[in-house]
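Presented below is the structure to which this report refers.
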Amino acid sequence: MTAIMALLATAVTTPACPAPVGEPVAITSTMLPVEAIGGTHAAGNGWPPPGDARVGLVRYEWGLLLRSDDPRFADFDLSPGPVHSRSSGCWFQWESHWGKQGIDAIAAPHIGESGYTVGYTPEQPTNPPMIAGYRFVSAGKAYSPDYAWVGLWNADDGTARSQVIAFTDQRHKALATLPFHLGGLSTLPSPDTPALGITIIGEGRADGTVPWFQLQWRSGIRETTATPAWRP
C-alpha cells in the first residue's frame with residue numbers, strides 16, 4: 001500500500017467524535033521558543049536582538065506547546081485551523097491571542113466543528129518521494145514556481161524526529177529537521193510577499209503535550225544555479 005493510499009484509508013475509518021460541538025476541553029499553552037524545535041536566532045539582516053528566529057531553511061514565526069489530560073486530545077492528523085484527532089474523531093478549536101511575536105496563548109478551547117465543508121477531502125500528492133529512514137505523513141500545496149508541495153515525514157524508527165520537505169515528482173528539498181513527530185499541516189501563501197505560511201500540529205505525545213507552530217518559507221522565489229541575492 002502506498003503512503004497516500006494508507007493516508008486515505010485511515011481517513012475513511014476515522015471514528016465520529018462522541019462529544020457535542022462547544023463542549024469545553026481543558027487545554028493549556030506555553031510559549032515554544034525556537035531553540036525547542038532545534039532552531040536559533042540569526043543576528044543581522046536588520047532584525048533587532050536577539051535576531052531572526054530560524055530553523056533550517058525557514059523562519060520560525062511563532063509556536064506553542066499545548067497540554068491536556070483529556071485522552072481525546074491526541075493522535076492529530078489534520079490542521080486547517082481547528083485540529084483533528086484521528087483516534088477520537090474530534091476537532092479541537094480555540095481562540096488565539098496575538099502578541100508582538102505572533103500567537104502567544106490560546107483561550108476557550110473546546111470541541112469544534114470540522115475544519116472542512118461536508119464531503120471535502122484535502123488533496124494529497126499521488127507520488128511523494130521516498131525519504132530514507134522516514135515515512136510520509138501528509139502535504140499541502142507549496143504555491144511555488146519550483147515545488148508543488150510541502151510535506152511532513154516522521155522518522156520510522158520511533159525516535160522523535162521529523163522533516164519538512166518541499167517537493168515535486170522530479171525533486172525534493174529538505175526545509176527543516178525537527179525534534180518531534182508531526183501530525184498535520186496547512187499552507188497559506190502570503191498576499192504581499194513571496195512567502196508561504198506553514199502551520200503544523202504535532203502528532204501528540206504520551207504525556208499529553210503537542211507542539212503547534214508556524215514556519216515561513218520563501219517559496220515564491222524561483223531557484224536558479226546562480227547564487228541568489230537572498231538566502232532562505
Side-chain angles (χ1 to χ4, degrees), residues 3 7 27-43 47 50-69 71 73-79 83-87 92 94 96 99 101-106 128-140 142 147 149-167 172-187 195-219 231-232:
L7 180 68
I27 305 171
T28 60
S29 63
T30 56
M31 295 284 289
L32 189 67
V34 65
E35 292 81 7
I37 70 166
T40 187
H41 286 91
W47 286 88
D52 190 16
R54 311 285 303 186
V55 55
L57 302 180
V58 295
R59 175 177 297 147
Y60 182 62
E61 293 291 280
W62 52 263
L64 297 176
L65 187 65
L66 307 177
R67 182 185 297 273
S68 178
D69 293 328
F73 191 72
D75 193 27
F76 296 101
D77 62 347
L78 299 170
S79 178
V83 299
H84 179 260
S85 165
R86 177 171 40 219
S87 56
F92 296 87
W94 47 75
S96 297
Q101 305 299 322
I103 296 176
D104 59 11
I106 68 168
M130 300 292 291
I131 306 299
Y134 291 83
R135 60 176 175 83
F136 175 70
V137 178
S138 64
Y147 296 93
W149 302 92
V150 171
L152 308 178
W153 274 257
N154 286 335
D156 59 14
D157 61 1
T159 58
R161 189 175 71 256
S162 59
Q163 289 195 33
V164 181
I165 296 175
F167 64 96
H172 66 271
K173 177 171 71 171
L175 303 180
T177 299
L178 304 173
F180 29 66
H181 276 185
L182 304 176
L185 82 166
S186 60
T187 58
L196 182 74
I198 309 168
T199 304
I200 298 174
I201 186 74
E203 189 175 56
R205 300 172 175 170
D207 63 358
T209 62
V210 56
W212 180 55
F213 57 96
Q214 186 176 90
L215 307 174
Q216 186 186 85
W217 173 47
R218 296 288 291 236
S219 62
R231 292 184 180 275

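Sequence positions, counted from 1, serve as the residue numbers for this chain. Here the structure is a predicted model, which is why all the values come from computation and not from measurement.
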Quick check: closest heavy atoms across [X] and [Y], and the distance to 0.1 Å?
X      : Y      : result
Ala105 : Ser29  : CA-OG, 3.6 Å
Gly99  : Asp104 : CA-OD2, 3.5 Å
Arg54  : Ala42  : CG-CB, 4.0 Å
Val210 : Gly202 : CG2-O, 3.3 Å
Ala74  : Ser85  : O-OG, 2.7 Å
Gly39  : Val55  : CA-CB, 3.9 Å

If you round to the nearest 0.5 Å, how far is [atom2] of [Y] from [atom1] of [X]?
X      : Y      : atom1 : atom2 : value
Ile27  : Leu66  : CD1   : CG    : 7.0 Å
Ile37  : Thr40  : CD1   : OG1   : 11.0 Å
Asn154 : His181 : CG    : NE2   : 4.5 Å
Phe76  : Leu78  : CZ    : CG    : 11.0 Å
Ile103 : Gln101 : CD1   : CD    : 13.0 Å
Phe213 : Met31  : CZ    : CE    : 14.0 Å

Could you list the residues that satisfy side-chain hydrogen bond (donor to acceptor under 3.5 Å, both in side chains) with [X], not counting sequence neighbours?
X      : result
Arg135 : Glu203
Thr177 : none
Asp207 : Thr209

Start with the C-alpha distance between Leu196 and Ile198, add both sets of side-chain angles, then the distance that settles side-chain contact (heavy atoms from CB on, under 4.5 Å), and finish with yes or no.
CA-CA 6 Å; Leu196 182 74; Ile198 309 168; 4.0 Å; yes

According to salt bridge (Lys or Arg N to Asp or Glu O under 4.0 Å), who are the partners of Asp75, at least two apart in sequence or on a separate chain?
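For Asp75, the residues satisfying salt bridge (Lys or Arg N to Asp or Glu O under 4.0 Å) (neighbours in sequence not counted) are Arg86.
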
Between the side chain of [X] and the main-chain N/O of [Y], is any donor-acceptor distance below 3.5 Å?
X      : Y      : value
His172 : Pro128 : no
Thr199 : Gln214 : no
Ser79  : Ile200 : no
Ser162 : Leu182 : no

Please step through side-chain contact (heavy atoms from CB on, under 4.5 Å) for the pair Trp153 and Val137, ending with a clear verdict.
CA-CA 5 Å; Trp153 274 257; Val137 178; 5.7 Å; no

Starting from the C-alpha separation in whole Å, work towards a yes-or-no answer on side-chain contact (heavy atoms from CB on, under 4.5 Å) for Arg161 and Tyr134.
CA-CA 9 Å; Arg161 189 175 71 256; Tyr134 291 83; 2.8 Å; yes

Just one of Leu152, Ile201, Val164 clears the side-chain contact (heavy atoms from CB on, under 4.5 Å) bar with Leu185, so which one?
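The passing option is Leu152.
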
Please report the C-alpha distance between Ile106 and Leu64 in whole Å, then the side-chain angles of each, then the deciding distance to 0.1 Å, and finally whether the side-chain contact (heavy atoms from CB on, under 4.5 Å) criterion is met.
CA-CA 9 Å; Ile106 68 168; Leu64 297 176; 3.6 Å; yes

Can you list the residues that meet the side chain to side chain contact (heavy atoms under 4.5 Å, CB included) rule with Pro33, with sequence neighbours excluded?
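Scan of Pro33 (side chain to side chain contact (heavy atoms under 4.5 Å, CB included), adjacent residues dropped) gives Glu35, Ala36.
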
List in chain and number order the residues that pass side chain to side chain contact (heavy atoms under 4.5 Å, CB included) with Ala174, two or more places apart in sequence or in another chain; answer none if no residue qualifies.
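Only Gln163, Ile165 meet the side chain to side chain contact (heavy atoms under 4.5 Å, CB included) criterion with Ala174.
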
Please work out whether the ring planes of Phe167 and Trp149 are parallel, tilted or perpendicular, with thresholds of 30° and 60°.
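Parallel: the ring planes of Phe167 and Trp149 meet at under 30°.
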
Between Phe92 and Trp212, does the ring centroid distance fall short of 6.0 Å?
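Ring centroids of Phe92 and Trp212 are no less than 6.0 Å from each other.
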
Heavy atoms from other residues, nucleotides or ligands near CG of Asp157 exceed 12 (cutoff 6.0 Å):
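Yes.
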
